[in-house]
Structure formats: C-alpha cells, structure tokens
Trainee: 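One structure coming up, written as structure tokens, with questions to follow.
Letters A, B, ... mirror the listed sequences (proteins, then strands); counts begin at 1.
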There are 2 protein chains.
Amino acid sequence: MSPVTPKSKSNSAIAVEELRRLIFSGALPAGSDHLESELAVRLGMSRTPVREAALLLEGQGLLKVRARKGVRILPISIDDMIEIYDVLTELESMSAAKAAEKGYKAQDLKPLDGAIADMETALAAEDRDAWSAADDAFHTELVRLGGNSRVVSIVGLMADQVRRAKAVTLYMRPLPTQSNKDHRSVLEAIAAGDAQAAHDIHYAHRAAAKDVLINLLRQNRLHML
Amino acid sequence: MSPVTPKSKSNSAIAVEELRRLIFSGALPAGSDHLESELAVRLGMSRTPVREAALLLEGQGLLKVRARKGVRILPISIDDMIEIYDVLTELESMSAAKAAEKGYKAQDLKPLDGAIADMETALAAEDRDAWSAADDAFHTELVRLGGNSRVVSIVGLMADQVRRAKAVTLYMRPLPTQSNKDHRSVLEAIAAGDAQAAHDIHYAHRAAAKDVLINLLRQNRLHML
DNA sequence: GGATCAAACTATGTATACATTAATACTGAT
DNA sequence: ATCAGTATTAATGTATACATAGTTTGATCC
C-alpha cells in the first residue's frame, strides 16, 4: 500500500455500493424521496457520480429518478413479490436441471453441500441471520452451477428487489425446517444427474416458499415494503 | 404545436433511442469502439447525456463503457445466443402457461391472433421482414398476456441482445413454415385454458428455433455477431 | 541502436456552473 | 375572498471546465 490512499474504485462505483447499502439497511426507507444534492453531500462527492449511480440503480429496479422530485426508493408490493418469486422459481428450477445435466463431480458440488450444512448448523442454533445468509449462498451457488451468466444476473437483480421484504419476514415466520430436506433432495438429484427431478423438486420448493411468504405478508397486512 | 420546437424528450432519452438505433442498424458495428466525445458530436449534444445513455445501455448489456477506451459495442457469441435463448424459452413458456390460466376471452386474444395472421400473410408473400416483425409482435404479446411485468422487461432485454444476430440469419434460413402451426397451437391452448399444453408446445417451439439458429450460425462460422 | 525513464497527450471521471421547467407563492383585480 | 396570471423558486438536465490516470512519444544514456 502506498502512503496516500490509492483510490482504486471510482466515486461512481462507491456511490452504487453505498446507495445499495443504505437501501438494504433501511437508512433510505422504501417510498422515501431524496434529492441528488442531499445524497451527494451524504456520500461526500459531487452530484455527477451520485446521479450516475442513481441511473444505474434505476435500471436495476431499486429506485426511480423523477424530474424535480429526487430519487424515490421503490417499495415492493405483494404483487411485485409474486412476480419476482415466479421469475426466481422458473429460472432457478431451470438452473437446477441444467446443473444436473452437466455431470458435476462431488468436488464441484462442495460449495452447494457446504451451504446446506451451514443452514443445518444455523437451524440447530436457531440463528436466523446465519440461516438466511446460507440460504442466499445456496441459491446463488445453484444458479452458478446452472452455467448461464444471464440467469445469474437476473436472479441477482430479483433477489435484490425482495431483499428488504425477506429481512422483514425472517423473524416473523417459524424456522424453515422442511426447507433443508428440499435442498438436500435437489443436491442429490443434481449429483445423480437427474435433471427432471432436480427441476421439479426445486420448483415445488420455491412455490411453497412463495406461498408461505405471500400469506405471511397478507396476514400481517404488509402490502408495501 | 407551438411555433418553436417543444422539446418534450430529454437529450438523455434521445441519446438512448439514437444509440439503440445506431447499434441495431449496424451503423455502430459489433466489437467497434467509440469515444464519448465522438458520439456526442454525432448526436449533436454534450458528453453528459451521451454518457448517461451509454451507462444505461451498459446495464442492458448492449455495450460496455471502458475507461479511456470509449464504449465498445458488445458482440454476441454463439454461447451468448444459447444463454439468451434458454432464458427466452423458459420465461416465454411460463408466460404461455400463466396466460392460459387467466381465462382470457377471444377479444383479449385478438392481438395474438392478429400477429399469427400477419405471419401467415407474410409467409405467403415470402416477405421475411414482415414475418420477422409479426413474429416479434407474437412473442411480445405472449409475454404481455402472461401478466408479469418483470418477465416483459427481461424478455425485451434478451430480445434486444439477439436482434442483430436474428437480422443476419433472417435471409439465410428457409421460410419457417412449421413455425406458424406451433403459434396457432399455443394460441389454441391458451384459449382452451390448458396451461400445461401451452407451456409444452411453446417450449418445444422455442427449443427447435434455438437449434435451427445455432446450427445455422455454426455452419456458417458466424461465431461473433 | 536499443532500452529506460520522463514528459506530453488523451480520454474518461468528476466538479461546477448554467439552462430549463414544473411547482409554488405572490400580486392584483373582480 | 377567490381566482387568474405572473414571478420566483427549486431541482433536475445539460454543458463545460478540470482532475486523473493510462498510453504513447520522445529524449537521453549506455
């Protein structure tokens, strides 16, 4: 490291990271408006990189740039959640099937196996945050094994859009004990090269998870998150 | 209309439209590099809106902004085409199934029926450009009927990325006479409310179209478009 | 003549000043 | 007092000037 700060990342890239962090942490609440100049001051840079970051995040569906009204952090409705979970269900199931067709060795499936093990550990310790992180890792690794980079990107975008809603419901619902059986079954189907089984098991898993989440939101009158 | 030009659209929006047009028309060829300042002169505006447009289109996967090297129009490889067609196959088939579940009336399905009629007319006249436009209309309307706005966006992005490649192969391959039977079958399944049939027929249709296209590209050694 | 280092150049990244326009407040008449 | 019309304001949209860093060029030494 040189004595002075090297400044490897551009301010624009920093603004993207920071804005994402502020959105996911709730520091910029869903539905709130923020002037570009305010955000610029907050991030310690000029409007230019902040505006570029805002336009990028608008493309990712996290906020909306509105003329003379600042950027609005987009809230997620129940209908949005249904849309997103339908896309996730479809593309993840496809990834599971494609992964099964690739004939991965046990070595290649270690990260997926590791994520399941982490979920089991977290469940035993009733550590919801650790479970959630491991669950994310499982789904991310699953689509990675599917081998389609566009699917990886799209699933990432959709997952980001429901991130806040998932965080809210994480402590509302019972511990997902069934979930891990499903994950193991998917892993076994992939290891066995059974594309149809991998697809169908994961599809049913996702559909069930969607129903649980939607019902939870409806019952608690959480129509916007 | 007022006497002077009203200027309803922002320069940034115009830049997006123009750049898309220049990319799809081949005026900015795949793989070519272009300085932001050159593009600004070409579009008759400053670098700012051009740069904003470039960043937006980078998010849509049409080009890449590279530090000190200008924007590169991204070429599409055969592997890219496979990725994109796999996503399209999955999401369009899902849309067909969802559309079938919605119980649309004949009135609601008129646009889809109209697109098929246009394809038949174009086929009879051997007008490939008209057929291509009607085929686009069919697929766009199909996902619209699916009722998932995110699927509409994603399918639009994927379709844009393969647009050049489709244009190249349009005059290379035989007239797609089988295609229309498939389209009619999908329409009938949706009208009959048979989600499984709508899904499976469209899935097979897309898979076949993908194989034709990929083989055509391989045979003609078109590895980058 | 070739290699090394430095200086100039070039194009993006960033800051800032300005233009534009929708919203708001104010003024004045009825 | 209310409404219409105008002026001010405020924030984005845009242009431009500047900073930064990578590349190329050129000069100098061996």
Trainee: Whole angstroms only, please: what is the CZ-P distance between A/Arg68 and C/dT24?
Mentor: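 Distance check: A/Arg68 CZ to C/dT24 P gives 12 Å.
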Trainee: Starting at CG of A/Asp33 and ending at C1' of C/dA23, how long is that distance when rounded to a whole Å?
Mentor: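 Going from A/Asp33 (CG) to C/dA23 (C1'), I get 15 Å.
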Trainee: Centre of B/Tyr171's six-membered ring, under 6.0 Å away, within 45 degrees of the axis: is that where NZ or CZ of B/Arg128 sits?
Mentor: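 Geometry flag: set, cation within 6.0 Å and 45°.
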Trainee: Nearest 0.5 angstrom please: A/Lys166 NZ to A/Ile76 CD1, how far?
Mentor: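 It comes to 13.0 Å.
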Trainee: Nearest-Å distance, CG (A/Leu55) to P (C/dT14)?
Mentor: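 Spelled out: CG on A/Leu55 to P on C/dT14 is 14 Å.
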Trainee: Measure the distance from CG on B/Leu35 to P on D/dT23 and round it to the nearest whole Å.
Mentor: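 Rounding to the nearest Å, CG of B/Leu35 and P of D/dT23 are 15 Å apart.
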Trainee: Just say parallel, tilted or perpendicular for the rings of B/His199 and B/Tyr203, cut-offs at 30° and 60°.
Mentor: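 Ring orientation, 0 to 90° scale: parallel.
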Trainee: Distance check needed: D/dA11 P versus A/Arg72 CZ, whole Å only.
Mentor: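 It is 15 Å, rounded to the nearest whole Å.
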Trainee: If the plane angle is over 60° it's perpendicular, under 30° parallel, otherwise tilted; pick one for B/His205 and B/His139.
Mentor: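 If you compare the ring of B/His205 with that of B/His139, the planes turn out parallel.
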Trainee: Tell me whether the side-chain N/O atoms of B/Asn11 come closer than 4.0 Å to OP1 or OP2 in C/dT20.
Mentor: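 The answer is no; no side-chain N or O of B/Asn11 sits under 4.0 Å from OP1 or OP2.
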Trainee: Hey, which sits more toward the 5' end of DNA chain C by its nearest nucleotide, A/Ser12 or A/Lys69?
Mentor: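 In this pair, the answer is A/Ser12.
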Trainee: Taking atom P of D/dA15 as reference, at what distance in whole Å does atom CD1 of B/Ile14 sit?
Mentor: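 Result: 10 Å.
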Trainee: Expressed as a whole number of angstroms, how long is the span from A/Lys9:NZ to D/dT20:C1'?
Mentor: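 A/Lys9 atom NZ is separated from D/dT20 atom C1' by 18 Å.
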Trainee: Give a yes/no on whether any side-chain N or O of B/Arg66 is located under 4.0 angstrom from OP1 or OP2 of C/dT12.
Mentor: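 False: B/Arg66 side-chain N/O out of range (4.0 Å or more) of C/dT12 OP1/OP2.
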Trainee: Please determine if a side-chain N or O atom of A/Ser46 lies less than 4.0 Å away from the OP1 or OP2 oxygen of C/dA15.
Mentor: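 For C/dA15, OP1 or OP2 has a side-chain N or O of A/Ser46 closer than 4.0 Å.
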Trainee: Do you know which two heavy atoms are closest between A/Asn220 and A/Leu216, and how far apart they sit?
Mentor: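 Minimum heavy-atom separation between A/Asn220 and A/Leu216: OD1-O, 2.8 Å.
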Trainee: Is A/Arg47 touching bases, backbone alone, or none of the nucleic acid, heavy atoms closer than 4.0 Å?
Mentor: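 Base contact - A/Arg47 has a heavy atom under 4.0 Å of at least one base atom.
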Trainee: Is it the case that D/dA15 (base atoms only) and B/Thr48 (side chain only) share a donor and an acceptor within less than 3.5 Å, ignoring hydrogens and angles?
Mentor: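 Pair found.
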Trainee: What is the separation between atom CG on A/Leu39 and atom C1' on D/dT12, rounded to the nearest whole Å?
Mentor: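 Nearest whole value for this atom pair: 13 Å.
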Trainee: B/Val65 has a side chain; which of D/dA15, D/dT14, C/dG13 sits nearest to it?
Mentor: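 That would be C/dG13.
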